[in-house]
Structures are given as structure tokens and as C-alpha cells.
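One structure below.
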Number of protein chains: 2
Amino acid sequence: MASTVPAPPPSRRDRKKNQTRDALTAAALRLAAERGVEQVTVEEIADAADVSARTFFNYFSSKDEAITGRDPQSGQRLHDRIRSAPAHLDPLDTIRLALQDELRDAEPDRKQWRLRMTVVGRSPHLLARLTTLGQAEEQALVSVIAEREGLDPRSCYPQLLAAVLGTACRVALTRWGADGEARDLSVLVDETFDLLAAGLRPAATTTGGPA
Amino acid sequence: MASTVPAPPPSRRDRKKNQTRDALTAAALRLAAERGVEQVTVEEIADAADVSARTFFNYFSSKDEAITGRDPQSGQRLHDRIRSAPAHLDPLDTIRLALQDELRDAEPDRKQWRLRMTVVGRSPHLLARLTTLGQAEEQALVSVIAEREGLDPRSCYPQLLAAVLGTACRVALTRWGADGEARDLSVLVDETFDLLAAGLRPAATTTGGPA
């Protein structure tokens, strides 16, 4: 399927910034996995990524933020893609394409994603942080979907669609991160959305690959 | 629609136990909402419910457990209902009916549910606890669905269906708890499952009531 919005190529400055950001998140995750979140300082993370603590704080406000590693622009990009999607696309296809574009741009790293799930699974306060972030992202998405569809944001449809996007994304990422799962993330995302579009009927699936 | 399994009427002993359990949860929630979770002890909760601390520990292992208030039998009942549902029912209808039966038996209290969401929203460790509980319940449900459908529990369908059940339940409960929402929980649950069965197409909804 076609993309919703072609992403402009990043500038050299943006590429450098993304590299530093990624290096800090990778260092934070590696140190937290080795020693436990509580035993790692911002200074050690910055040091491992070969930058100053001052530079660290240009990217993240805390070590927890570096570990959860959310790109603050990600939600905005997703919303822009949904808003600018062709009018004839139905809402489920719109959010599927917007999600596929976002995941392609963000290029999640499978090993790093597994490491993050391990670190978060051992730390209730990080789990709570991710849950709260997810709730805020879902609420923002409800507004964007309701606006595009001309619906009341308090009505069921935008609330359910926004919640299901998060669920489909989580199921696809978990399957992608699972040992032995060799397929691309985009294939696993399509598999979940195909099932949703088919009204969650079992005939649309097989025990092996996608429909 | 018909129920999946007619629930046997509870014995007098079970009714008494449920009453004590409910009184402890209500007291724990009320005190935690008034003072903050950290400022409440098990002794105070037991006292407010007019039982001893020893009796408290027959029902809950901690005050956090009393506040989150999950019935440990609830998951088992849901699984039993799914396992014993008529073979001709499709999986989505099966989990819808099992959920409706469970919610009817458990009779959630709207004010208490709102109070719990307020208390949990202020307490990261309770939010993490509920998130972890939800993950464990989802994993158990994946196994039950996979078994009933004769599918590999690692395949997409049972994983997505179990995750979507949790999401649909959360969306319906949130709408039910929202100010101004006067409809019964069962109506709101049906509204979410109707949309899921229709492949999340917007034509199946309106800005006002259920389809």
C-alpha cells in the first residue's frame, strides 16, 4: 500500500541529533539491564555514550526517560499522517498506514526492544510510566480520529479505534520481539490489522503465517 | 443473547464471604481516596469494615490487593465460560458472552469504579500492579482461546483476541464510569463488540447511541 505522507529526508543536523539520542538510549538500556535501573546514574549513561551530562539533559529530563526512549515527535508525526491521509481511506486503513509509516521511519531495533521489555518488566515505576504515556497517547489519538471522522470524541468509535491501535501495535511488537519470530515488523502489523478488518473472524488466520 | 453458562446461585456462606470482601475493598478505597494510599494501614481498613486484621488477611495479602479489588475467581470463571460455550459460537461472540456473564455476576459499582481509577491514577505502584495483573490475565486467556480454537498459542489470532478483549472491556468500563454516561455497562460492552465484529467500520456507529 502507498504511504500516507512521504517523509522528508532528515538534515545532517537532525541525523547527528538522532544518533546522539539513540546512543544515549542504548547506553541507558545496556547499563540498566546489567545493574538494575536504580544502580545507574545520568553521568554514567552520558559517559558510556561519550557525551557530557549537560548534553544528556538536552535530550532527556531523566534516566527513566532515556530508558523508555520515546521519541517526543512520534505522536505528532502519527497525528499529521492521520490528518493528511486521503479522504477516501477508511479509518482503520488510515491508522494502519500511519502506524506502518511511523514504524518504518523510527526503525525499531529488535534486540534493543527486547532489552527494554526486560528492564521495564523488572521495574514497576518504569511500567507505570509507560502505561501513563500510553494512556496520554491514546487520549490524543481519540481527538485526532474524532476530528477526522466528524464524531464526538466521547463517542465509542474514536475511543475504541484509538485503544485498538495501541493494542494492535503492542501485539505486533511483542510477536516481533519474541524469540524465533523472524518476520518483519511491518508483516506482523499487517497480520493484526487484517484480522481486525475481518471482524476478528478466525477464518482470516492460520496457525502459521499471515492470511 | 443467551448466557454461556448459567451461574449457580451462591451459598449463604459464599454470600457472607463476598460481603466481607466487598466491605474491605470499599473501606480500603474510601480511606485511600481520602488520605492517599501511603497514609492508610491494614488495621485501619479492617477497623472501618468492622473485622479484625487477621480476617483482612483471609481475603487479601496486602492493602494494595484490597484497593485493586480483583476477585481471584474472576479469571477462572471467564475461562470456564469460554471452554463450555456452544461449539458453533464464533470466538468473538464467545468472549463477548463470557465477559457479559462475568460483569453481570460481579456487578461492578459505578461510583466505586470511579474511586478506584482516581486512587490508581495517583499511585504509580498501583498502576504498575494493575498493568502486570492485566498482562498475566491476557496471557492466561491466550492459552484458553488457542485451546478452544485448536491454534498455536504463539500465533497471532489468540494473542490479538485476548488483547482486544482487555481493550474492549477497558473502553466500555471507562465510558461507563465517565460522567454523564447513564447507559448500562452491558449496553456499552455490546457497543464495543458490535464495532469489532463489523471490522471497526465507522458506518456501524453513530455520534450518539449504540448501532
Side-chain angles (χ1 to χ4, degrees), chain A residues 90-92 95 120-121 123-132 134-135 138 145-146 149-152 154-168 170-172 174-175 178 180-181 188 191-211, chain B residues 90-92 95 120-121 123-132 134-135 138 145-146 149-152 154-168 170-172 174-175 178 180-181 188 191-211:
Chain A
D90 88 9
L92 189 65
I95 64 169
V120 169
S123 169
H125 82 274
L126 288 178
L127 184 59
R129 186 188 186 97
L130 275 181
T131 303
T132 305
Q135 287 169 344
E138 184 178 310
I145 293 170
E149 300 303 316
L151 294 170
D152 187 331
R154 292 165 304 179
S155 61
C156 188
Y157 186 73
Q159 294 191 2
L160 183 63
L161 196 61
V164 164
L165 173 77
T167 302
R170 176 170 63 78
V171 168
T174 302
R175 294 172 55 64
E181 191 65 70
L188 298 167
E191 189 181 21
T192 64
F193 276 86
D194 285 345
L195 282 166
L196 290 169
L200 288 165
R201 270 172 204 91
T205 193
T206 67
T207 51
Chain B
D90 88 10
L92 189 65
I95 65 168
V120 169
S123 170
H125 83 274
L126 287 178
L127 184 59
R129 187 189 185 96
L130 274 181
T131 304
T132 306
Q135 288 169 344
E138 185 178 311
I145 293 170
E149 300 302 316
L151 294 170
D152 187 332
R154 291 165 305 177
S155 62
C156 187
Y157 187 73
Q159 294 192 1
L160 184 63
L161 196 61
V164 165
L165 172 78
T167 302
R170 176 171 64 79
V171 168
T174 302
R175 293 173 55 65
E181 191 65 70
L188 297 166
E191 189 181 21
T192 65
F193 276 85
D194 285 344
L195 281 166
L196 290 169
L200 287 165
R201 272 174 202 91
T205 191
T206 68
T207 52

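Here is how names work: the chains are called A, B, and so on, in the same order as the sequence lines, proteins then strands, and each is numbered from 1. Basis for what follows: all heavy atoms, side chains included, without hydrogens, waters or symmetry-related copies.
Using a distance-only test at 3.5 Å, with no hydrogens or angles considered, a donor-acceptor pair links the side chain of Arg201(A) to the main chain of Ala197(B). The backbone N or O of Arg175(A) lies less than 3.5 Å from no partner atom in the side chain of Arg154(B), so there is not a single donor-acceptor pair.
Partners of Arg170(A) by side chain to side chain donor-acceptor pair (under 3.5 Å), not counting sequence neighbours, listed by chain and number: Glu138(B). Under the side chain to side chain contact (heavy atoms under 4.5 Å, CB included) criterion, Ala168(B) pairs with Thr192(B), Phe193(B), Leu196(B), not counting sequence neighbours.
Here Leu160(B) contributes atom CG and Leu188(A) contributes atom CG; the two are 12.0 Å apart, rounded to the nearest 0.5 Å.
With chain B as partner, the option from Leu127(A), Asp90(A), Val164(A) having the largest number of non-hydrogen pairs under 4.5 angstrom is Leu127(A). Listed options Leu161(A), Thr131(A), Leu126(A) were ranked by heavy-atom pairs under 4.5 angstrom with chain B; first place goes to Thr131(A).
Between Thr174(A) and Gln135(B), the closest side-chain pair of non-hydrogen atoms is not below 4.5 Å.
Between Ala163(B) and Val171(A), the shortest heavy-atom distance links the atoms CB-CG2, 3.6 Å. Leu200(B) and Tyr157(A) get closest at one heavy-atom pair: O-OH, 2.8 Å. Scanning both residues, Ala128(A) and Pro124(B), for their nearest heavy atoms gives CB-O, 3.2 Å.
Looking at Thr132(A), both its backbone and its side chain come within 4.5 Å of chain B, counting heavy atoms on both sides.
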